[in-house]
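Okay, so here's the structure we're looking at.
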There are 2 protein chains.
Amino acid sequence: MSKIEPKTLKGFRDFLPEKQIPRQKMIDSIRASYERFGFEPLETPVLEYAETLVGKYGDEGDKLMYRFKDNGDRDVAMRYDLTIPLARVVAQNGEIKKPWKRYQISPVWRAENTQKGRYREFYQCDADIVGSSSPLADAEVLALAAATLKALGIRDFVIRINSREVINAFYDSLGLTEGEKISAIRAIDKIDKVGKDGVAEELTKNGIIYDTVQKLLAFAEVSIDAVKGQDELVKIGEELNVKEPLARLLSIVEVAYKLEPEARFVIDLSIARGLDYYTGIIFETTLQAAPQYGSVLSGGRYDGLVGMFSSKGVPAVGASIGLDRLYSALEELGLIKEERSTAKALIVNFDAALESDYLRLASELRASGVNTALYFETADLKKQLSYASEKGIRYAIIYGSNEAKEGKVIVKDLEKGEQEKVSVGDIAKYF
Amino acid sequence: MSKIEPKTLKGFRDFLPEKQIPRQKMIDSIRASYERFGFEPLETPVLEYAETLVGKYGDEGDKLMYRFKDNGDRDVAMRYDLTIPLARVVAQNGEIKKPWKRYQISPVWRAENTQKGRYREFYQCDADIVGSSSPLADAEVLALAAATLKALGIRDFVIRINSREVINAFYDSLGLTEGEKISAIRAIDKIDKVGKDGVAEELTKNGIIYDTVQKLLAFAEVSIDAVKGQDELVKIGEELNVKEPLARLLSIVEVAYKLEPEARFVIDLSIARGLDYYTGIIFETTLQAAPQYGSVLSGGRYDGLVGMFSSKGVPAVGASIGLDRLYSALEELGLIKEERSTAKALIVNFDAALESDYLRLASELRASGVNTALYFETADLKKQLSYASEKGIRYAIIYGSNEAKEGKVIVKDLEKGEQEKVSVGDIAKYF
């Protein structure tokens, strides 16, 4: 066999332990939060019939999709998001009792331009409530978003909330046509990236008159704390002819605050969400210390989508975390705790005559729940301590003929550079 | 958009919560065992360059591989197992300190014939030690296998062990050619499926003479407990001219027993493992109560494979659990605990005036670590209790105006059909 240069595809990554250990902890934490709210896990296949996915993500989506003919000449495609598979599952399994709160944490694939710092394989963490149009369900999703970020140790996040109903009422008051509404939403969705001027330019290009452009921009400037600014928001609602839908939005946020009193929810009328399918609340989440990462957690209500494969409509509301983006942001903020090894202790193996004791020590520590590695070759102490240090194993357990006579082991803390003698019988207790 | 029939591809499955909850628990348990032994997590991409995978799994493998041209006309293939990607990672990351104990629990894809009850997307749980040729490493993998099954609540497993060195020494003593050795290994590998007669037939067809066939079959009949049968095994070693390699194998198993005293390790000379790449110990694991599922955990030493992309050899030994097969076996044995919901409690919502209290109850329970769902519509009690029952949520928390006056809630255990009044302040403690 000729040697092949070992390499990964552009946009695809290996996660070596030093990345994968904290990444897995993040996933565990997100999963625990989702389950704390009673969301149930779903797993769907990586491959779907292409017809299930094609046409659901716009022209851009079809272009970026990994789609091919399988060995049986079936037209198949790799999972592009977790929402369309959810819609398929709901249609296919009519027996699922609703409201159904499901979560899925899985990779998806998109042949993105990697020059923009995007990956072609990345994880989404979705939680959705299917089959309820109650405002309580919207509030539950907002509370879940806040609780999940809090559980990850993030303090400075702001959940910025708007509603398609508010947007539509305002657009109606301006007399926009349906086509103008869609292009206005798409233009304003880019405000964080291209700024007000960029949005104004795009709106003007789409044939919207100067006066209306100014009103749209003023609308998008509203960003007010949902609690402290309640009176102001009520006033704004009247001024902008969005009194009723805004009041409904505020009452949703009020409920969310009761569920998560420490969260920060802001009514931000610049939030547009580019996708067409939203019908009610929409939200994005920025980290104040790392706004350059954009939204790390977004979602909203989309009452038309989940029913697309069914004979009847299925209301739904949900949130999605972009795991890789959030990981990068937390890494930059120093919120990822470095952890290079799963093992807490290494049994040093330097006297072949004591091998049985080393095995017994490993066995006992493991039985007591201590993650324990064992050095496989009889080698000198220094080499093994440097192995432990390099691997990031914090404690070395040293046991030679002297220790054997005393019935003790030396536990060396390689992080602190301290060591301590512990009775063999007490070693599990030490950890 | 015209309605599309919602369906999954043949050999691909959705895991709805009632399956995914226990399945995820299994994965968590396996992961915890692997980490208990100090194995570190690795994640590799689903897609690899085709040249990395093609030709590594025989003609059969190339035929079953999901291989296609991506949008950039790259020849790519979906992950077929977890071992070749490991070999690539090792070659690509020379800085990884060895011995390296890595695990990976991930799906792989093979376009298998689904009529044989096989899936095209299934999970492997691999743990390998890379960069050590010490017998201690072999013993560690055997102990890991036993500890992992024990942690899953399985008691009646038998780890059946052989060694390619023992097999080779015996085949040499019979004077088999290299070609005959390979076909003998492949024939004997099928003994559990086709029986002795089937193996004899295949061996004869491959031109092996009657007398040798009889000796090969007698060899494959040796299946002796590695502890209780030690004396007998030593005798057999001499008779079969495999004294030294068998002694080496026995000493590995002796070490494994010291690490996992409750395990059952059997020297079983019928174990052959069809794959060519094994070089040392080989093992398979059967559940005595469900032998029809074949081996649920297999592995061995393969010193040539991991170095295939490197300039030098890298010894390796590992074990792999076929998650789906093990799940099916445990399901049949009644060892999968049914669990349909992640939520432990449902806050019943039947008096709109008390909504704030319901929200506070949910918030408090969640903050105390109790997985809690909230009914989203104000509805009658009966409907909500039947929702909880159908979902598999065990406790309903009932709070109406009478309870509000008393400062108590009713906790109804839907499994036992009992209920109890608990002070509002003590509700978290109750769980």
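Computation of the quantities below employed the complete heavy-atom set of this structure, encompassing side-chain atoms and omitting hydrogens, waters and symmetry-equivalent molecules. Residue numbers begin at 1 in each chain, while the letters A, B, ... track the order of the sequences.
- Interface remark: of the candidates B:Q24, B:R67, B:K7, B:K19, B:K7 forms the most heavy-atom pairs closer than 4.5 Å to chain A.
- Contacts of A:A91 with chain B are made by both backbone and side-chain atoms, with heavy-atom separations under 4.5 Å.
- At a threshold of 4.5 Å between non-hydrogen side-chain atoms, the residues B:P45 and A:L9 do not count as touching.
- Heavy-atom distances place the side chain of B:M78, and not its backbone, under 4.5 Å from chain A.
- Options B:L361, B:V255, B:I393 differ in how many heavy-atom pairs under 4.5 Å they form with chain A, and the most are formed by B:V255.
- For A:R340, the part sitting under 4.5 Å from any heavy atom of chain B is the backbone (N, CA, C, O) and nothing else.
- For a residue to count as touching a neighbouring chain, one of its non-hydrogen atoms must lie under 4.5 Å from one of that chain's; by this rule B:P261 touches chain A with the side chain only.
- Both the backbone and the side chain of B:E48 come within less than 4.5 Å of a heavy atom of chain A.
- Few gaps surround NZ on B:K258; more than 12 heavy atoms of other groups in view lie less than 6.0 Å from it.
- When heavy atoms are compared at a cutoff of 4.5 Å, B:K63 approaches chain A solely by way of its backbone atoms N, CA, C and O.
- Note on A:K10 versus B:D70: no salt bridge recorded, every NZ/NE/NH1/NH2 to OD/OE distance being 4.0 Å or above.
- Among B:S356, B:P107, B:A151, B:P85, the residue making the largest number of heavy-atom pairs under 4.5 Å with chain A is B:S356.
- At a 4.5 Å heavy-atom cutoff, the contact between B:F39 and chain A is made by backbone atoms alone.
- Of the inter-residue distances, the one linking B:R88 atom CZ with A:E5 atom CD reads 11.0 Å to the nearest 0.5 angstrom.
- Of the two parts of B:R23, only the side chain, counted from C-beta on, holds a non-hydrogen atom closer than 4.5 Å to a non-hydrogen atom of chain A.
- Atoms OG1 and CG, from A:T372 and B:L259 in turn, are 11.0 Å apart once rounded to the nearest 0.5 Å.
- Only the backbone of B:L64 comes within contact range of chain A, with at least one heavy atom under 4.5 Å from a heavy atom of that chain.
- Scanning both residues, B:E377 and A:S133, for their nearest heavy atoms gives OE2-N, 4.2 Å.
- With rounding to the nearest 0.5 angstrom, the CH2 atom of B:W109 is 7.5 Å from the CG atom of A:L47.
- Most heavy-atom pairs under 4.5 Å with chain A: of the set B:F15, B:F37, B:F12, this distinction falls to B:F37.
- Contact check on B:E35 versus A:K344 returns no salt bridge, with no Lys/Arg side-chain nitrogen under 4.0 Å from an Asp/Glu carboxylate oxygen.
- Chain A forms the most heavy-atom pairs under 4.5 Å with one residue out of B:R31, B:E254, B:R13, and that residue is B:R31.
- Contact check for B:D28 versus A:D28: no side-chain heavy atoms found under the 4.5 Å cut-off.
- Proximity of B:E40 to A:S341: side-chain heavy atoms (C-beta onward) are separated by under 4.5 Å at one or more points.
- Neither the backbone nor the side chain of B:E339 comes within less than 4.5 Å of any heavy atom of chain A.
- Using a 4.5 Å cut-off between heavy atoms, A:V90 does not touch chain B at all.
- Comparing A:A343, A:A373, A:P17 by how many heavy-atom pairs each has under 4.5 Å with chain B, the most go to A:P17.
- No other option in B:R360, B:R74, B:E260, B:Q104 has as many heavy-atom pairs under 4.5 Å with chain A as B:R74.
- Contact of B:E18 with chain A is not made at all, since no heavy-atom distance falls under 4.5 Å.
- Using a 4.5 Å cut-off between heavy atoms, B:S33 does not touch chain A at all.
- Looking at B:E390, only its side chain comes within 4.5 Å of chain A, counting heavy atoms on both sides.
- Two residues are said to be in side-chain contact when any heavy atoms from C-beta on lie closer than 4.5 Å; A:Y358 and B:L136 fail this criterion.
- For A:E121, the part lying under 4.5 angstrom from a heavy atom of chain B is the side chain only.
- Using a 4.5 Å cut-off between heavy atoms, B:K98 contacts chain A through its backbone alone, with no side-chain atom that close.
- Interface summary for chain B: among A:M65, A:K69, A:E140, A:R102, the most heavy-atom pairs under 4.5 angstrom belong to A:E140.
- Contacts between A:E355 and chain B at a heavy-atom distance below 4.5 Å involve the side chain alone, from C-beta outward.
- Distance OG1/A:T342 to NZ/B:K101: 8.0 Å, rounded to 0.5 Å.
- With chain B as the partner, the residue from A:L365, A:L374, A:V46 showing the most heavy-atom pairs under 4.5 Å is A:V46.
- Both the backbone and the side chain of B:A137 come within contact range of chain A, each with at least one heavy atom under 4.5 Å from a heavy atom of that chain.
- Ranked by non-hydrogen atom pairs under 4.5 Å with chain B, the options A:A111, A:G38, A:P99 are led by A:P99.
- Here A:K391 contributes atom NZ and B:K97 contributes atom NZ; the two are 8.5 Å apart, rounded to the nearest 0.5 Å.
- Residues A:N371 and B:R36 come closest through the heavy atom pair OD1-NH1, 2.6 Å.
- Relative ring orientation between A:Y66 and B:F68 is described as perpendicular, the plane-to-plane angle rising above 60° on a 0-90° scale split at 30° and 60°.
- Proximity to chain A involves both the backbone and the side chain of B:R366, based on heavy atoms less than 4.5 angstrom apart.
- Between A:L16 and B:V89, the shortest heavy-atom distance links the atoms CD2-CG1, 3.6 Å.
- For the atom pair OH of A:Y257 and OG of B:S363, the computed distance is 13.5 Å after rounding to the nearest 0.5 Å.
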